[in-house]
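A, B, ... follow the sequence lines: proteins, then strands. Residue 1 opens every chain.
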Amino acid sequence: MTPGITFTIDGKQVTAAPGQTIIEAADTAGIYIPRLCHKPGLEPFGSCRLCTVTVGGRPCSSCTQPAAEGIVVESDTDELNEHRRALLEMLFVEGNHFCMFCEKSGNCELQALAYKFGITAPSFTYQWQKHDVDASHPQILIDRNRCILCARCVRASQDLDGKSVFGFVGRGPNKRLAVNAEARLSDTNVDVTDEALDVCPVGALLRKHVGYKVPIGKRQFDHTPIGSDVEGEPAPDDCGCGGAENVCQCTQSE
Amino acid sequence: MHDDVESTVQRICQSYDNDGRRLMDIVTDLHREYGCVDPEAMDLIARCVNVPRLRVQSLVSFYSFYAEAPRGRIVIRLSDDVIDRMHGYDRVAAAFCDELGIGMGETTADGLFTLERTACIGMCDQAPAGLVNDVVITHLSSDKARQIVQDLRRHGDPHQLVTSLGDGENGCDLIHSMVRNNLRKAGSVIFSPINRGEAIRKALSISPQEVIRAMKTARLRGRGGAGFPAGMKWEFARGAGDGQKYILCNADEGEPGTFKDRVILTERADRVFAGMTIAGYAIGASEGIMYLRAEYAYLKPHLEDVLRRRRIDGLLGETVLGRNEFAFDIRIQIGAGAYVCGEETALISSCEGKRGDPMTRPPFPAQKGYNGCPTVINNVETLCCVTKIMEEGPATFSDCGSDQSSGTKLLSISGDCKRAGVYEFPFGTTLREVLNECGGLEAQAVQVGGPSGKMVSPADFDRKICFEDLATGGSVMVFGPQRNILDIVHGFMDFFVDESCGYCTPCRVGNVLLKQLVERVRDGSGEPDDLDQMRRIAGTMKATSRCGLGQTSSNPVMSTLTTFETEYTDRVQDGPDGQRRGFDLAESVKAAESIAGRPSVHTGQDD
């Protein structure tokens, strides 16, 4: 008898190894559950709530919920997708996100998810909170206007880099990303090679001097929607634009 | 001066063995000496307990009773909630501001006073109330506020503000408070006379399994509001291996409008500690922690004394009642102003010296709780019931109450009623009977279960207080016909915005959005679509929030949108002039002129 756990996601039978979470099993099975704070290799955190699914009708975050034998998971339903849309809108109105001026545009997971869910503009009231930018470090920039408090950098710094460069201060709507120094990033032991700098899903944490190295139009989500890697879309063929043949939307491929 | 700070921090940290899990105590003690934890002190603490500096800053910034910037030697905190507001909070706050010459949240130039607003301090039956450092001040008025400031300027000692003592134990030397119990109705369980030691003796005469069975036979359910069967919770923890386990008592009574635990802790602390000891015996724990909210710090010396006497009498310690195989002791962990710490996993985080962020479940505390060990968390009132069940047997306990809710329930009743205070009713009592006893039958609405509970209209006054009907942790707020329902809802949302931990998106953002929408509608600037927007936000918060706070914090809106719908719909209809009710043409023109930097072209012609 194999030690695998079998259960269903949206009616499709999937198998999980003992100890795996629902989202990990879904990834293995090629089922994409939208997520922002979750990233393979980092401890599950469960803060963005985008990966909320129902298990036997009860909502839970699939990035923290262990897979269990025989559970019935629903993910791609109108109701859950509507919640995901609302959560994305909340993140857009909470921060100050200007995609057209953002270096991360095209590689940004928040932006890509908005496209995936057809959000052209949020219907909630913009908060226009004032957020600090920390440009003190010669090679690294923090722009808190774009931070979605997902704690990927916090976890990566702690668990992958063996440091504690990032963390949170304040609570509720006043919660914000902070650094392990009295005020500035340049006073911490952060290094430009830290893995913490690679995990930011948005443009809140950027390396300086390498902006636009990959031009707009050739970026990760310019041609394939977010989640394609999980769903096993074919690798991009070389049509000259870097996009996949079947989904490439660039004018060159026409 | 700097050497002084350094040696103080070192002394305090050493008194807790430089243990990072005691950061709450370290930071609280440092506040007593300096009134804040400034950047320098953060560095020093971090070095002493060997944690990143950011962890100290994160903790200090989380709790509302902590500060990074220097504050006055005397901190005046006014309880700001819906009930205090109904009883004149605004006038009292204005008098304090005026007499001190500062605004809310500010410190006087001489560094003597800081004035702040704080969430409900558990004194709604004697509102408006506040705290002067740890000293509770009640029944405030604007005259009293001025007098308090003048007195403090003269003698500088908050304790001297207590000129008349409250009833019962409130008058004892160790509490010495003006707080009154307002115990209006003592029932058969919680406030019955106590026979100290008897319950533990009986518990120790049977096996732990039999103690758990007694809780199940009595059908004891948690009194915090959720009503989880206590015996089952204990059984999970008992079955979770043979290692170290813990009993935590949730004395973080933060639900606005509830104050019954305050009276239990004042008058029946022995019964609570006995309940913890019995629970410890049942699950195999040797250590208990009572998490006491900072607002009740004035009760701590009294509680410590009760613990001391129990140790002397062999009811706590290495050998409880001389039994070599059962050691159990209790420490008190003081909080620092965060409602979310009443959520059991947040309470554990706080006890471990961290931000009060709830933890990911599973694992559940019964498997992996405090310090990673199996942990049971019970409410103050639940633990009192445990003692009573041991004293008189499960049958007597379950004889009282309704089908699915046995025993009695303490209610904290406040607002527009003649006799605010604490009442002990058998479960199954109708809301009408409750209102009749407290003199609140004229109410247009009653909020049962605190802000996250239900707003009940007179049509539903025959509903019953019990888990199967109107479940409540005990907060009952009565609102007379003169009150504006949307003001109340707005006050509740204000509370949730302040108290959300900010960990998850729906609660952190959703509460803010809901509060703004309620404000718009209340002020006549709303549109019919706003009501759909509210439902949409509330639905997402309920379904996707990480803990109970966010899952229920939209209840004030959803509950009133159902029961008091016209309060909303009337306000989003166009006014008689065809314009929005809150629209003021002259004001809007003025605002436009100010943005344009020039007077309107129509000025003069229209005059």
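Checked against the 6.0 Å centroid threshold, A/Phe45 and B/Tyr503 count as a close aromatic pair.
Only the backbone of A/Ala181 comes within contact range of chain B, with heavy atoms under 4.5 Å apart. Residue B/Arg546 touches chain A through both its backbone and its side chain, counting heavy-atom pairs closer than 4.5 Å. Interface residue A/Ser123: backbone and side-chain heavy atoms are both found under 4.5 Å from chain B. With a threshold of 4.5 angstrom between heavy atoms, A/Arg85 approaches chain B through its backbone and through its side chain. Both the backbone and the side chain of B/Val497 come within contact range of chain A, with heavy atoms under 4.5 Å apart. At a 4.5 Å heavy-atom cutoff, the contact between A/Ser47 and chain B is made by backbone and side-chain atoms alike. Proximity to chain A (any heavy atom under 4.5 Å) is restricted, for B/Thr360, to the side chain, taken from C-beta onward. Proximity to chain A (any heavy atom under 4.5 Å) is restricted, for B/Ser545, to the backbone atoms N, CA, C and O. There is no contact between B/Asn511 and chain A, counting heavy-atom distances below 4.5 Å. Residue A/Ile148 touches chain B through its backbone alone, counting heavy-atom pairs closer than 4.5 Å. Using a 4.5 Å cut-off between heavy atoms, A/Glu89 contacts chain B through its side chain alone, with no backbone atom that close. With a 4.5 angstrom heavy-atom cutoff, B/Ala338 touches chain A via backbone and side-chain atoms both. For A/Val179, the part lying under 4.5 angstrom from a heavy atom of chain B is the backbone only.
Counting heavy-atom pairs closer than 4.5 Å to chain B, the top-ranked of the candidates A/Arg171, A/Glu182, A/His83 is A/Arg171. Counting heavy-atom pairs closer than 4.5 Å to chain B, the top-ranked of the candidates A/Cys37, A/Ala151, A/Pro59, A/Cys150 is A/Pro59. Ranked by heavy-atom pairs shorter than 4.5 Å toward chain A, the options B/Gln57, B/Gln516, B/Arg355 are led by B/Arg355. Here A/Leu87 is the residue among A/Thr52, A/Leu50, A/Leu87 with the most heavy-atom pairs under 4.5 Å with chain B. The candidate with the highest count of non-hydrogen atom pairs below 4.5 Å against chain B, out of A/Ala178, A/Ser61, A/Gly172, A/Gly46, is A/Gly172.
The closest side-chain donor-acceptor pair between A/Ser75 and A/Arg84 falls under 3.5 angstrom. Residues B/Asp523 and B/Ser525 have side chains that never bring a donor and an acceptor to within less than 3.5 angstrom of each other. The closest side-chain donor-acceptor pair between A/Thr21 and A/Gln65, if any, does not fall under 3.5 angstrom.
Annotation for A/Tyr115: atom OH does not count as buried by contact number, only 12 or fewer foreign heavy atoms lying within 6.0 Å. For A/Lys104, the NZ atom sits in a packed shell: over 12 heavy atoms of surrounding residues, nucleotides or ligands are nearer than 6.0 Å. More than 12 heavy atoms of other shown residues, nucleotides or ligands fall within 6.0 angstrom of atom CD in B/Glu527.
Ring-plane geometry between B/Tyr66 and B/Tyr63 is classed as perpendicular, the angle between the planes exceeding 60 degrees on a 0 to 90 degree scale with a lower cut at 30. Ring-plane geometry between B/Phe236 and B/Phe228 is classed as tilted, the angle between the planes lying from 30 to 60 degrees on a 0 to 90 degree scale.
For the pair B/Arg293 and B/Phe65, the cation-pi test (distance below 6.0 Å, angle within 45°) is failed.
Taking all atoms of both residues into account, the shortest heavy-atom contact from A/Leu177 to A/Arg144 is O-NE, 2.6 Å.
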